[in-house]
Amino acid sequence: MSIGLLGSLSISAASTSFAESADIAATTELAAEQTSGLPSGRTGYRTITDYNDEMRALSEKHPDLVKHITLPHKTRQGREVYGIEVSRDVASSDGKPVLFMMGMHHGNEWPSGEHTLEFAYDLINNDGKDPRISRLIDQARVIFVPVVNVDGFMINRRTSCGVSPTCASSAGVDINRNYPLGWGSNAGSNATNRGPAPGSEPEIQNIMDLTTSNQVTVLITNHTSGHTLLRPPLEKRAGDTPDEAVYAALSDAMSAKNGYTGMKSGFDYETTGETPDWSYYATRGLGFTFEIMKTQSTNNTYAEVIEDYLGTGRYAGKSNREAFLVALEYAADPAGHSVITGKAPKGAVLTITKDFDLWTAPIVQPGGVIDPPQAVPTHLRSSLVAPTNGKFTWHVNPSVRPVPAYTGTGVVATGPGNFLRESWTLTCARPTGEVLETVHVTVDRGEQVDVRLQECKTRFNGNGPKN
């Protein structure tokens with residue numbers, strides 16, 4: 001979409017395996033006889049086998065549009081976590097901005113995974129049929145991870161298995177309290193379910209790795225329930241984000257489509273260590289929590305899953321599908337992020353990196369002892385390969401970083417408009433990894449910077465392949 005979007009926002013524990021459970025089988029037995037209107041046509045909740053098989057099948061059927069992803073870290077119980085990426089010419093290295101959508105941080109919040117995968121089907125099925133969707137697939141990438149907490153989903157439990165070899169509930173971790181920023185305050189958690197250390201759990205390491213290695217301009221983590229659309233801050237004492245005006249406008253635009261109540265998360269209830277606060281302060285991409293449906297999910301609520309996605313029945317005229325599309329429009333809009341353009345030798349590998357510390361909260365230990373905040377080194381790194389003509393357009397998050405409220409001395413609210421004027425370190429290298437030129441690029445939201453990389457071109461062509 002053009003810059004017009006930004007302007008329009010007025011911005012300056014069960015013992016039975018869930019995958020084989022009778023409850024799920026009962027909700028899916030009609031699938032062969034009728035369709036729901038959902039993009040996939042499903043009429044009942046998926047099992048983990050369904051999710052995995054369907055994502056694999058989509059990538060095999062649409063190899064130019066869908067790429068299957070195996071995330072780097074297995075769960076504590078040794079299970080793989082899978083996802084898919086959707087874009088035009090999906091295997092290419094092209095510098096597109098990214099919408100990252102995920103479900104089931106909490107393993108018993110079934111609709112969160114359903115809406116995640118249905119939106120993937122929606123994009124895939126409508127490519128070439130709906131001009132809006134075809135354009136967005138041209139302009140952006142969408143990464144989907146429908147089931148983040150596979151262990152929890154398998155036994156229909158909120159928490160992961162943690163370090164317990166038997167997956168005992170007493171050792172489970174609420175992985176949506178384990179992200180590093182602000183971790184340890186025990187708001188909405190305790191010393192057990194927040195995990196043993198900031199970012200300790202493999203499930204959230206997967207999400208952090210995907211976020212820090214891609215230019216995720218919008219992130220959506222789907223949950224249930226309550227029909228709220230939440231943005232930072234998680235704790236009231238952290239204050240508004242430096243980008244509150246942008247955040248509020250996009251929240252309002254999405255909630256106008258799905259009928260959810262858009263609000264700051266801490267005014268719903270306070271927590272720390274959740275996905276959107278960490279992702280925003282790590283990358284400046286805008287992160288949101290969607291609390292799907294008004295009814296907490298059980299095995300007999302699939303009709304509401306359908307209605308909430310499509311905007312039918314009790315949710316007539318207000319669809320989550322349309323809210324997701326607004327998010328994708330914003331993710332693709334250059335006015336909402338930054339752009340680096342330039343020319344480099346064809347085949348050169350361009351990489352941008354940033355390194356800085358984020359901080360936990362002062363860490364509340366059992367017995368009320370409070371330990372000092374802990375620094376969490378944060379590394380951002382993403383790459384692209386210069387195309388045949390050497391001209392590249394790279395959609396990135398701003399190098400200018402928001403000042404976080406969590407610091408080495410405690411929680412100090414900063415508020416709107418407070419940023420650290422940092423730079424991306426951009427390197428131009430041979431495919432072998434030999435770095436030929438390094439430059440520093442400072443770029444803010446809505447800005448474009450041109451980089452020519454003449455030294456890289458001269459050295460690349462003098463000792464390597466000719467253009």
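The basis for the numbers below is simple: all heavy atoms, side chains too, and nothing from hydrogens, waters or symmetry mates. None of the values given here were measured: they were computed from a predicted structure.
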Hey, is the main chain of [Y] close enough, under 3.5 Å, to the side chain of [X] for a donor-acceptor pair?
| X | Y | value |
| --- | --- | --- |
| S87 | V90 | no |
| S112 | G103 | no |
| D277 | L181 | no |
| S251 | Y247 | no |
| Q205 | S200 | yes |
| N126 | D122 | yes |
| E434 | A429 | no |
| N320 | D308 | no |
| S134 | G128 | yes |
| Q215 | V396 | no |

Please enumerate all residues that pass salt bridge (Lys or Arg N to Asp or Glu O under 4.0 Å) together with [X], with sequence neighbours excluded.
| X | answer |
| --- | --- |
| R401 | E422 |
| R284 | D243, D444 |
| R314 | E304, E307 |
| R381 | none |

Distance-minimising heavy-atom pair for [X] and [Y]:
| X | Y | result |
| --- | --- | --- |
| A327 | I220 | CB-CD1, 3.7 Å |
| P402 | Y280 | CB-OH, 3.3 Å |
| S164 | Q77 | O-NE2, 3.2 Å |
| V216 | T283 | O-OG1, 4.2 Å |
| C167 | I155 | SG-CD1, 3.7 Å |
| Y121 | P39 | CB-CB, 3.6 Å |

Sequence neighbours left out, what passes side chain to side chain donor-acceptor pair (under 3.5 Å) with [X]? Give chain and number order.
| X | answer |
| --- | --- |
| D89 | none |
| S189 | none |
| N190 | none |
| N397 | none |

Using a distance-only test with no angle check, is there a side-chain donor-acceptor pair under 3.5 angstrom linking [X] and [Y]?
| X | Y | value |
| --- | --- | --- |
| H223 | T221 | yes |
| T432 | R430 | no |
| E274 | S265 | no |
| T43 | S36 | no |
| T271 | E235 | no |
| D174 | H106 | yes |
| Y330 | T217 | no |

Taking only distance into account, with no hydrogens and no angle test, what donor-acceptor pairs under 3.5 Å do side-chain atoms of residues 356-366 form with protein atoms, sequence neighbours excluded?
unit_1 : atom_1 : unit_2 : atom_2 : d
T360   : OG1    : Q374   : N      : 2.8
Q365   : OE1    : R194   : NH2    : 3.3
Q365   : NE2    : D371   : OD2    : 2.9

Verdict with reasoning, L65 to I137, per side chain to side chain contact (heavy atoms under 4.5 Å, CB included):
CA-CA 9 Å; L65 192 66; I137 289 174; 3.6 Å; yes
Using side chain to side chain contact (heavy atoms under 4.5 Å, CB included) as the criterion, point out the one residue from T351, T353, V443 that pairs with W424.
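That would be V443; it is the only one of T351, T353, V443 passing the side chain to side chain contact (heavy atoms under 4.5 Å, CB included) with W424.
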In sequence, state the C-alpha distance, the side-chain angles, and the governing distance for F119 and M101, and then conclude on side chain to side chain contact (heavy atoms under 4.5 Å, CB included).
CA-CA 9 Å; F119 190 52; M101 183 181 292; 3.7 Å; yes
Do we get R321 above Y309's six-membered ring, with its NZ or CZ under 6.0 Å from the centre and within 45° of the axis?
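No.
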Taking the side chain as every heavy atom from C-beta outward, state whether [X] and [Y] have any atom pair closer than 4.5 Å.
| X | Y | answer |
| --- | --- | --- |
| N149 | M104 | no |
| V246 | L286 | yes |
| V98 | I143 | yes |

Write out all pairs satisfying salt bridge (charged side-chain N to carboxylate O under 4.0 Å, His left out) with one or both partners inside residues 95-112, taking only residues at least two apart or from two chains.
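Listed once each, the pairs are D94-K96, E109-R158.
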Answer yes or no: are there more than 12 heavy-atom neighbours, outside K264 itself, under 6.0 Å from its atom NZ?
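Yes, the 6.0 Å shell around NZ holds more than 12 heavy atoms from other groups.
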Return yes when atom NZ of K354 has more than 12 non-hydrogen atoms of other residues, nucleotides or ligands closer than 6.0 Å, and no otherwise.
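Result for NZ/K354: enclosed.
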Is the shortest side-chain N to carboxylate O distance from [X] to [Y] below 4.0 Å?
| X | Y | value |
| --- | --- | --- |
| K67 | E85 | yes |
| R46 | E54 | yes |
| D64 | R88 | no |

Would you check, one step at a time, whether the test salt bridge (charged side-chain N to carboxylate O under 4.0 Å, His left out) holds for E270 with R237?
CA-CA 10 Å; E270 293 187 284; R237 63 176 178 166; over 6 Å; no
Checking L230 against F288 for the side chain to side chain contact (heavy atoms under 4.5 Å, CB included) test, could you report, in this order, the C-alpha distance in whole Å, the side-chain angles of both residues, the deciding distance, and whether it holds?
CA-CA 6 Å; L230 307 174; F288 296 89; over 6 Å; no
Any pair with a residue in residues 67-104 that passes ring pair (Phe, Tyr, Trp, His ring centres under 6.0 Å), sequence neighbours left out, goes on the list, sorted by first then second residue, please.
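Output for this query lists H68-Y82.
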Please collect all ring pair (Phe, Tyr, Trp, His ring centres under 6.0 Å) contacts where either partner lies in residues 171-191, sequence neighbours excluded, each pair once.
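The answer is H105-Y179, Y179-W278.
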Identified salt bridge (Lys or Arg N to Asp or Glu O under 4.0 Å) partner of D151 from the options R79, R76, K74:
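So the option named by the test is R79.
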Determine, stepwise, if the pair I207 / M102 fulfils side chain to side chain contact (heavy atoms under 4.5 Å, CB included).
CA-CA 9 Å; I207 303 307; M102 68 204 79; 3.8 Å; yes
F267 side, atom CZ; R231 side, atom CZ - distance, nearest 0.5 Å:
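Nearest 0.5 Å value for the CZ-CZ distance: 9.5 Å.
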ring-ring contact (aromatic ring centres under 6.0 Å, His included) assessment of Y315 paired with H227
CA-CA 11 Å; Y315 302 125; H227 253 219; 4.5 Å; yes
